[in-house]
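Reading through the structure tokens given below for one structure.
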Amino acid sequence: MAETLETNPWAAQAARFEMAARALGLDEGLAKILGRPARELTVHIPVAMDDGRIEVFTGYRVQHNDARGPCKGGLRYGPDVSPDEVRALASWMTWKCAVANIPFGGAKGGIICDPHILSDGELERLTRRYTAELADFIGPERDVPAPDMNTNEQVMAWMMDTYSMHQRKTVNAVVTGKPLSLGGSAGRREATGRGLQYVCDRACARLHLDPRQTRVIVQGFGNVGSNAAALLAAAGYRVVGIDEYDGGVFHAAGLDIPALLAHRERQHTIQGFAGGEARPAGELLTAPCEILLPAATENQITSANAGALQARILCEGANGPTTVAADAILEARGIFVLPDILANTGGVTVSYFEWVQDRQGYFWTAEEVNHKLRATMEASFDAVLAYAGKHQVNNRTAAYMLAIDRVAQAVELRGIYA
Ligand SMILES: NC(=O)c1ccc[n+]([C@@H]2O[C@H](COP(=O)([O-])OP(=O)(O)OC[C@H]3O[C@@H](n4cnc5c(N)ncnc54)[C@H](O)[C@@H]3O)[C@@H](O)[C@H]2O)c1
């Protein structure tokens with residue numbers, strides 16, 4: 001069981017849910033409802049490949065809970081996508097939307113495929129057929145997908161177009177994370193990274209850390225990690241290390257993040273960057289810093305390395321980067337954790353803003369979006385910290401308790417339809 005908790009995200013989320021539900025004294029019936037997804041759809045998607053063969057891919061969409069509003073959650077492409085991973089990610093979306101206090105429930109989708117070996121045409125046909133299979137399951141008032149690992153604005157544009165063709169009208173609020181010219185929101189691309197910066201600002205103020213003296217190490221230089229690194233560096237933090245799957249780079253005085261981005265753009269890797277020293281993959285996770293910001297994938301901080309972390313703050317950009325076993329070690333060591341369901345809510349918050357703008361047909365400036373995002377992140381941070389103080393629990397348990405409390409209230413108020 002202990003091993004499953006460090007590898008299976010659904011088992012890990014269930015353990016945290018049960019812990020928080022117990023601390024909250026949640027009614028047993030409500031715990032039964034919230035402890036599992038409301039709906040799960042599996043689709044087998046036929047795709048005509050470029051060489052004339054027909055291939056069939058398996059995809060999922062899981063809607064965990066819609067008590068507070070339409071379901072919301074990303075779509076991920078990858079060879080390791082599994083039903084349990086999608087279930088866990090769907091439930092995290094429910095808790096995230098509740099922590100951020102936005103009127104959405106939680107969902108997630110995934111397709112088992114290796115997008116790096118598919119042509120653009122194959123990827124488009126896969127996306128369109130998956131969307132067509134989901135046509136009765138998604139919609140602006142039902143379930144609103146967004147990009148996640150290995151999906152992007154182009155994938156969202158294909159989804160929006162396919163759904164619109166089925167509806168016989170343009171429905172841009174069916175997905176978020178769209179290109180600006182199709183009803184996307186200013187600031188959406190950087191939103192998760194920007195939200196991470198805002199909660200780091202709040203945590204530093206609370207712990208009396210001066211950002212200019214604050215060393216940051218980021219794992220993962222994708223959408224979340226690269227934007228967080230760039231924005232933190234621009235705000236004066238010293239981003240000393242970036243870890244990627246093929247190795248890290250380190251510079252004690254602070255990396256030049258725009259130069260590293262330009263290098264990665266040219267070379268498709270951060271390796272060989274002249275402005276830093278190369279480090280073996282994974283090594284920087286345990287290097288000295290004030291803020292460690294995992295922004296790659298699940299289960300990176302485990303019982304094997306949590307004891308060796310040298311960070312003061314663990315700010316979770318990725319979903320589920322820390323295992324349950326590692327939680328106890330981090331708590332005993334007094335590391336200040338900004339849990340994923342609080343720290344990385346910037347993305348879904350600006351997705352919510354995008355959905356609002358699409359529905360009202362009136363678009364906001366980047367300044368307005370960022371201003372509203374900061375207010376939401378700060379309110380969420382303060383609510384979680386207040387809950388932690390009131391109930392004498394760590395930040396992660398507090399975030400779960402706050403979220404479960406809010407969703408449970410909505411379920412109770414609506415009652416059980418029979
Ligand atoms: N995109 C969003 O708005 C958003 C919002 C909230 C949470 N998240 C979560 O953040 C994480 C990253 O998402 P993303 O959208 O940036 O994905 P991405 O695919 O753009 O970037 C992921 C990066 O991590 C690197 N990586 C993968 N495995 C690694 C490993 N073992 N060690 C080091 N680096 C590794 C990849 O090479 C890539 O550069 C995921 O957990 C995702 O669910 C994303």
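Residue numbers count from 1 along this sequence. Atoms within each ligand, like the ligands themselves, are counted from 1 in listed order.
- At a 3.5 angstrom cut-off on N or O pairs, Thr297 does not count as close to ligand 1.
- The proximity of Tyr245 to ligand 1, defined as any non-hydrogen pair under 4.0 Å, involves the side chain as well as the backbone.
- Every heavy atom of Pro147 sits 4.0 Å or more from the atoms of ligand 1.
- Residues Phe104 and Cys71 have side chains not in contact (no heavy-atom distance under 4.5 Å, counting atoms from C-beta outward).
- By the 3.5 Å distance cut-off applied to N or O atoms, Gly347 is not counted among the residues near ligand 1.
- Counting atoms of ligand 1 from 1 in the listed order, those under 4.0 Å from a heavy atom of Ala318 are 9 (C), 10 (O), 11 (C), 41 (O).
- With hydrogens left out, the protein atom closest to atom 17 (O) of ligand 1 is Met149 CG, 3.6 Å, a heavy atom.
- Under the ring pair (Phe, Tyr, Trp, His ring centres under 6.0 Å) criterion, Phe336 pairs with no residue, sequence neighbours left out.
- Of all atoms in ligand 1, listed by their number and element, those nearer than 4.0 Å to a heavy atom of Phe221 are 39 (O).
- Thr323 and Glu6 form a side-chain donor-acceptor contact under 3.5 Å, judged by distance and modelled atom types alone.
- Residue contacts with ligand 1: Asn223 is placed with a nitrogen or oxygen under 3.5 Å of a nitrogen or oxygen of the ligand (distance criterion only).
- Looking only at atom types and distance, the side chain of Thr397 has a donor-acceptor partner in the side chain of Asn394 under 3.5 Å away.
- Counting heavy atoms under 4.0 Å from ligand 1, residue Glu190 does not touch it at all.
- Annotation for His371: atom NE2 does not count as buried by contact number, only 12 or fewer foreign heavy atoms lying within 6.0 Å.
- No donor-acceptor distance shorter than 3.5 angstrom exists from the side chain of Asn172 to the backbone of Gly183, with no hydrogens or angles considered.
- Between Arg264 and ligand 1, no N or O atom pair is found at a separation short of 3.5 Å.
- Contacts between Gln219 and ligand 1, counted as non-hydrogen atom pairs separated by less than 4.0 Å, involve the side chain only.
- Residue Arg76 places a heavy atom under 4.0 Å from ligand 1.
- No side-chain donor from either of His64 and Ser91 sits under 3.5 Å from a side-chain acceptor of the other.
- Side chains of Arg188 and Ser351: a donor on one and an acceptor on the other come within 3.5 Å.
- In summary, the side chains of Tyr400 and Asp405 do not present any donor paired with an acceptor at a separation below 3.5 Å, with no hydrogens or angles considered.
- Put simply, part of Arg188 is less than 4.0 Å from ligand 1, judged by heavy atoms.
- Nearest protein heavy-atom contact of atom 2 (C) of ligand 1 is Thr192 OG1, 3.5 Å.
- Looking at Gly222, Ser351, Gly220, Ala296 and measuring to atom 12 (C) of ligand 1, the nearest heavy atom belongs to Ala296.
- With contacts defined as side-chain heavy-atom distances shorter than 4.5 Å, the pair Leu309/Ile301 qualifies.
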Arg22 and Glu18: CA distance, side-chain angles, deciding distance, salt bridge (charged side-chain N to carboxylate O under 4.0 Å, His left out) verdict: CA-CA 6 Å; Arg22 237 191 340 269; Glu18 280 158 25; 5.3 Å; no

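- In this structure the side chain of Thr322 reaches within 4.5 angstrom of the side chain of Glu316, judged on heavy atoms.
- Interface atoms of ligand 1 facing Gln300, defined by a heavy-atom separation under 4.0 Å, are 31 (N).
- Counting only non-hydrogen atoms, the option in Glu244, Glu298, Lys108 that gets closest to atom 37 (O) of ligand 1 is Glu244.
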Indicate every side-chain donor-acceptor pair of residues 273-284 with a distance under 3.5 Å to a residue at least two apart or in another chain.
residue : atom : partner : partner atom : Å
Glu277  : OE1  : Arg279  : NH2          : 2.7

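- Scanning the protein heavy atoms around atom 42 (C) of ligand 1, the nearest turns out to be Asp148 OD1, 3.5 Å.
- The parts of Asn319 lying near ligand 1 are both backbone and side chain, judged by heavy-atom distances below 4.0 Å.
- Residue Arg189 places every heavy atom at 4.0 Å or more from ligand 1.
- The contact set between ligand 1 and Val224, taken as ligand atoms under 4.0 Å from a residue heavy atom, comprises 1 (N), 2 (C), 4 (C), 8 (N), 10 (O), 13 (O), 14 (P), 16 (O), 44 (C).
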